[in-house]
Engineer: 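Below is the structure I would like to discuss, written out as structure tokens.
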Protein chains: 2
Amino acid sequence: MKPIDSRIRTSLAASSRATISDVAREAGVSKTSVSRFLNGEQSTLSPGLRRRIDSAIQQLGYQPSQLARSLKGGRTRLIGFVVADIENPYSVAVLHGAEAACREQGYTLVVCNTGGDRALERRTLAALTSYNVEGLILNTAGWPEGLPPDVTASDVPIVLIDRRLPGHAFDFVGLDNAAMTGLAVQHLTDRGFGHLGFFAQNLAGVSARLERAAAFCAAAARTEGCVGEVHELGDADPAAVDGALKAFLAAGRGRPVAVLAASGLVTLRIVQSAARLRLRIPEDFGLVGFDELEWSALVPPGITTIEQPTKDIGASAVRGLLRRLAGDASPAQDVIFLGRIVERGSSRRPECPGTAISPADERAARP
Amino acid sequence: MKPIDSRIRTSLAASSRATISDVAREAGVSKTSVSRFLNGEQSTLSPGLRRRIDSAIQQLGYQPSQLARSLKGGRTRLIGFVVADIENPYSVAVLHGAEAACREQGYTLVVCNTGGDRALERRTLAALTSYNVEGLILNTAGWPEGLPPDVTASDVPIVLIDRRLPGHAFDFVGLDNAAMTGLAVQHLTDRGFGHLGFFAQNLAGVSARLERAAAFCAAAARTEGCVGEVHELGDADPAAVDGALKAFLAAGRGRPVAVLAASGLVTLRIVQSAARLRLRIPEDFGLVGFDELEWSALVPPGITTIEQPTKDIGASAVRGLLRRLAGDASPAQDVIFLGRIVERGSSRRPECPGTAISPADERAARP
DNA sequence: TGGAAAGATGGAACCGGTACCATGCCGGCT
DNA sequence: AGCCGGCATGGTACCGGTTCCATCTTTCCA
């Protein structure tokens, strides 16, 4: 009779999940003992009890509800990752790093994409905090007028990635944009490019782009005989990109010109535009782009990129969150990483003899 | 005195979140009324009550806890998306489609990456169900010996994406691999390629790859004078790719050879290998790859790809889930999409006069 | 004018866990 | 021998909502 009984209960459990009370009943013990068993048997339950509980759990296929568990204790072991553009390989790479770090620490990463929509970002943050995530990693769409107060009201620790929120004391992890932009400008001027253009989508509200643009202007200004222009491409219109690129090249008036692209997406747009306009790189213009891409080495003559330590950035964000969760209440902290310029053909001046031919291809062939 | 009182309570709320009881107390009503107010005031609360509750909510900055809400009712409005490889652009694109569909329906998509790790996939599924997600979209790492029973025990509806689980009656959304592979083979043989190679990572357990490989062999076999080879590249070793590619080309014995790459990642590896080995496409070998990539048009001579309707696949998966949630208990259903071959230079036979020169470049320049 | 129906509101149980405190039992000490 | 303390275990309140049911008005009709 016992086996039949438990078999019935098992099938019930399959259709509506066994609870801790079911297990307690099946094992003939109290909920408390089952709970103790589940959490780490500090009170050293007697071997007999332990055995009975264990077999009851097996029998019922019991899995504790994290939902109910979190309601009392607050520990959800959940970290939210809110990303502005999931289609940006940079974001995916950071995400990957964060996810690995979370897994290592027993946390689960919950990823939500906002597509750069501020209203959605707000709703998403509210939703995640209402699920009691213990921390938030935020790659914000940018709030030029400041983040609405309801978001900051909650006391979940937040770490910003790549983009700051001026006026808010959140931890931040990102690239040393000033230094890397300076290096990129120097890289180009060293190679004889005298007329430089910084191309971005819209600058407004996105700190990484603003910092890069500012550093670009500063670096161009302090380099003798170097002219720097900033172009905003806006969203998605190929004709607009073509127009901006042509205008920029014309403004060079025969001097060697080069583009510094503010992101992987802009690099893609520029390369597409060059193909459409039958412009050669680096003969017609040089190119350096932020963010290393899987195809950087494959598109002739190879695109010089500024590679970011994306895995480290993701891992560092998680570390920062865990530090806060452990009780660290020190002032907001910035973690700034340096990147690396990966030199390829697109920033090599064709005038320098011998460099534009086969060695360039060799470099380009390296993955 | 009232304002001071409420200000104190406000600051308390900021540090530990207001609850429905706080709101009820502040408004001088019962929890029940507040709950009614929050859910849709079916019982038509009196205007006075409504006003008081509303202002109490504003005052306290109250946000209901989804956690607690879900505990009773079960409606978490959460859908889990478990993806085997978040770095695969195909997965991201599907994810994007699913996410848009979820948002439209008021659901939140929770994304978890398993990196192709079966044990982790299992843990992730358990974790998500223990958070009471209402449905699961699963891009499985593949279980050659079948999914462990504890995963299937839960009664959350599951939709598989791209990869089937033989022996399980789950809904499925994916590509018509047989048809698209057949078209690709015909595309290549039409253009004079007689010796074909299907290149994949490891076939084991991944239905999409297996179906493509099988369809490839079948198509090659029924095409007169066509030879088909299947190559497994394994993971990540460039030398192995180079070796396999060279061996394959040698086996062609001078006949026009072409590679069919089973995924975007394989396409990348093949193109990288070709660059390393100084092989020209399509002169030394033709190439068609599954999955459209942002750089397909940019790498000379342009890579011919099999484009999948990724957004539709993602949206369809969500639709399927919602259908199940609405109570549809009909047998498991397959939704199979057709793709589209995007022809570019990599599958154009150089022998055909006039096609390998500038028109090819023009095609390649199109984004 | 009385009573029933309809409407507004509150009380309390419940969801599935956690955690504090109580209880019963046993052994060791004075 | 009696008391105290530690250990194993159980009882129960509580987390923050939802929901059923009870209660109190109000209204309308006989």
Side-chain angles (χ1 to χ4, degrees), chain A residues 12-13 16-54 56-57 60-78 126-127 129-132 134 154, chain B residues 12-13 16-54 56-57 60-78 126-127 129-132 134 154:
Chain A
L12 273 175
S16 82
R17 288 195 73 165
T19 73
I20 198 171
S21 302
D22 296 333
V23 175
R25 198 180 321 121
E26 175 79 17
V29 302
S30 72
K31 282 167 51 174
T32 309
S33 296
V34 180
S35 175
R36 278 202 262 265
F37 177 88
L38 291 171
N39 292 323
E41 28 244 277
Q42 328 86 329
S43 304
T44 49
L45 303 162
S46 72
L49 254 197
R50 215 175 308 171
R51 201 160 357 91
R52 270 150 65 206
I53 296 177
D54 194 36
I57 287 179
L60 299 174
Y62 169 69
Q63 288 186 333
S65 155
Q66 293 301 335
L67 221 71
R69 181 174 282 190
S70 314
L71 185 55
K72 187 67 186 276
R75 319 265 312 133
T76 54
R77 295 277 165 184
L78 244 35
T129 56
S130 93
Y131 282 114
N132 279 20
E134 295 184 31
S154 133
Chain B
L12 272 175
S16 83
R17 290 196 70 166
T19 73
I20 198 171
S21 303
D22 296 333
V23 175
R25 199 181 319 124
E26 175 79 16
V29 302
S30 72
K31 284 167 49 174
T32 309
S33 297
V34 180
S35 175
R36 280 201 261 263
F37 178 88
L38 292 171
N39 292 324
E41 27 243 277
Q42 328 87 327
S43 305
T44 49
L45 302 163
S46 73
L49 254 199
R50 216 175 309 172
R51 202 161 355 92
R52 270 150 64 207
I53 296 176
D54 193 36
I57 287 178
L60 299 175
Y62 169 69
Q63 287 187 333
S65 156
Q66 293 301 337
L67 221 71
R69 181 173 283 189
S70 314
L71 184 55
K72 187 67 185 274
R75 318 267 313 134
T76 53
R77 295 276 165 187
L78 245 33
T129 56
S130 91
Y131 283 113
N132 279 20
E134 295 184 31
S154 135

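Here the structure is a predicted model, which means the values were calculated and not measured.
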Engineer: Walk me through whether A:Val34 and A:Leu38 qualify under side chain to side chain contact (heavy atoms under 4.5 Å, CB included).
Structural biologist: CA-CA 6 Å; A:Val34 180; A:Leu38 291 171; 4.2 Å; yes
Engineer: Classify the nucleic acid contact of B:Val29 as base, sugar-phosphate or nothing, counting any heavy atom under 4.0 Å across all strands shown.
Structural biologist: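 Counting heavy atoms under 4.0 Å across all strands, the contact made by B:Val29 is with sugar-phosphate only.
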Engineer: Counting the atoms with a prime plus P, OP1 and OP2 as sugar-phosphate, which does B:Leu49 contact under 4.0 Å by heavy atoms, base, sugar-phosphate, or nothing?
Structural biologist: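 Answer is sugar-phosphate: B:Leu49 comes under 4.0 Å of backbone atoms only.
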Engineer: So does B:Gln66 get a backbone contact from the side chain of B:Ser70, meaning a donor-acceptor N/O pair under 3.5 Å?
Structural biologist: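 Checking the backbone N and O of B:Gln66 against the side chain of B:Ser70, a donor-acceptor pair under 3.5 Å is found.
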Engineer: Quick check against the 3.5 Å criterion: does A:Thr76 have a side-chain atom that pairs as donor or acceptor with the backbone of A:Asn132?
Structural biologist: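 It does hold such a pair.
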Engineer: Give the rounded distance in Å between these two atoms: CD of A:Gln66 and C1' of C:dG17.
Structural biologist: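 Going from CD in A:Gln66 over to C1' in C:dG17 covers 10 Å.
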Engineer: Rounded to the nearest angstrom, tell me the gap between atom CZ in B:Arg75 and atom P in D:dG17.
Structural biologist: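 For the pair B:Arg75 CZ and D:dG17 P, the rounded distance is 18 Å.
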Engineer: Are the charged groups of A:Asp22 and A:Arg25 less than 4.0 angstrom apart, N to O?
Structural biologist: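 Here A:Asp22 pairs with A:Arg25 in a salt bridge, since their nearest N and O are under 4.0 Å apart.
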Engineer: Measure CG/B:Leu67 against P/D:dG16 and give the value in whole Å, please.
Structural biologist: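 Value for this atom pair: 10 Å.
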Engineer: Base, sugar-phosphate, or nothing for A:Leu38, non-hydrogen atoms under 4.0 angstrom?
Structural biologist: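 Result for A:Leu38 = nothing.
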Engineer: In whole angstrom, give the distance that lies between atom CZ of B:Arg25 and atom P of C:dG11.
Structural biologist: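 Distance, rounded to whole Å: 14 Å.
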Engineer: What's the CG-P distance between B:Asp22 and D:dC15, to the nearest Å?
Structural biologist: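 Distance check: B:Asp22 CG to D:dC15 P gives 10 Å.
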Engineer: Rounding to a whole Å, what distance do you find between A:Phe37:CZ and C:dT18:P?
Structural biologist: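 Computing the A:Phe37:CZ to C:dT18:P distance gives 13 Å.
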Engineer: Could you please name the option among C:dA8, C:dT18, C:dG11 that lies closest to any side-chain atom of A:Ile20?
Structural biologist: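 Among C:dA8, C:dT18, C:dG11, the one nearest the side chain of A:Ile20 is C:dT18.
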Engineer: Can you tell me the distance, in whole Å, between the CZ atom of B:Arg50 and the C1' atom of C:dT9?
Structural biologist: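 Rounding to the nearest Å, CZ of B:Arg50 and C1' of C:dT9 are 14 Å apart.
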Engineer: Set out, in order, the CA-CA distance, both residues' side-chain angles and the distance that settles side chain to side chain contact (heavy atoms under 4.5 Å, CB included) for B:Tyr62 and B:Ile20, then state yes or no.
Structural biologist: CA-CA 8 Å; B:Tyr62 169 69; B:Ile20 198 171; 3.7 Å; yes
Engineer: Within less than 4.0 Å of OP1 or OP2 of D:dG10, is there a side-chain N or O belonging to A:Ser30?
Structural biologist: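 Looking at the OP1 and OP2 atoms of D:dG10, one of them is under 4.0 Å from a side-chain N or O of A:Ser30.
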Engineer: Applying a 4.0 Å non-hydrogen cut-off, can you work out what A:Tyr62 is touching in the nucleic acid: base, sugar-phosphate, or nothing?
Structural biologist: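 Touches sugar-phosphate only.
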Engineer: Which pairs, protein N/O on one side and nucleotides 19-21 of chain C N/O on the other, fall under 3.5 Å?
Structural biologist:
{"unit_1": "C:dA19", "atom_1": "N6", "unit_2": "A:Thr32", "atom_2": "OG1", "d": "3.0"}

Engineer: Are the side chain of A:Asp54 and the backbone N or O of A:Arg50 linked by a donor-acceptor pair below 3.5 Å?
Structural biologist: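 Not a single qualifying donor-acceptor pair exists.
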Engineer: If I take atom OH in residue B:Tyr131 and atom C1' in nucleotide C:dG17, what distance separates them, rounded to the nearest angstrom?
Structural biologist: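 After rounding, the reported distance stands at 13 Å.
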Engineer: Listed by chain and number, what are the salt bridge (Lys or Arg N to Asp or Glu O under 4.0 Å) partners of B:Arg75, not counting sequence neighbours?
Structural biologist: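 B:Arg75: salt bridge (Lys or Arg N to Asp or Glu O under 4.0 Å) contacts with B:Glu134.
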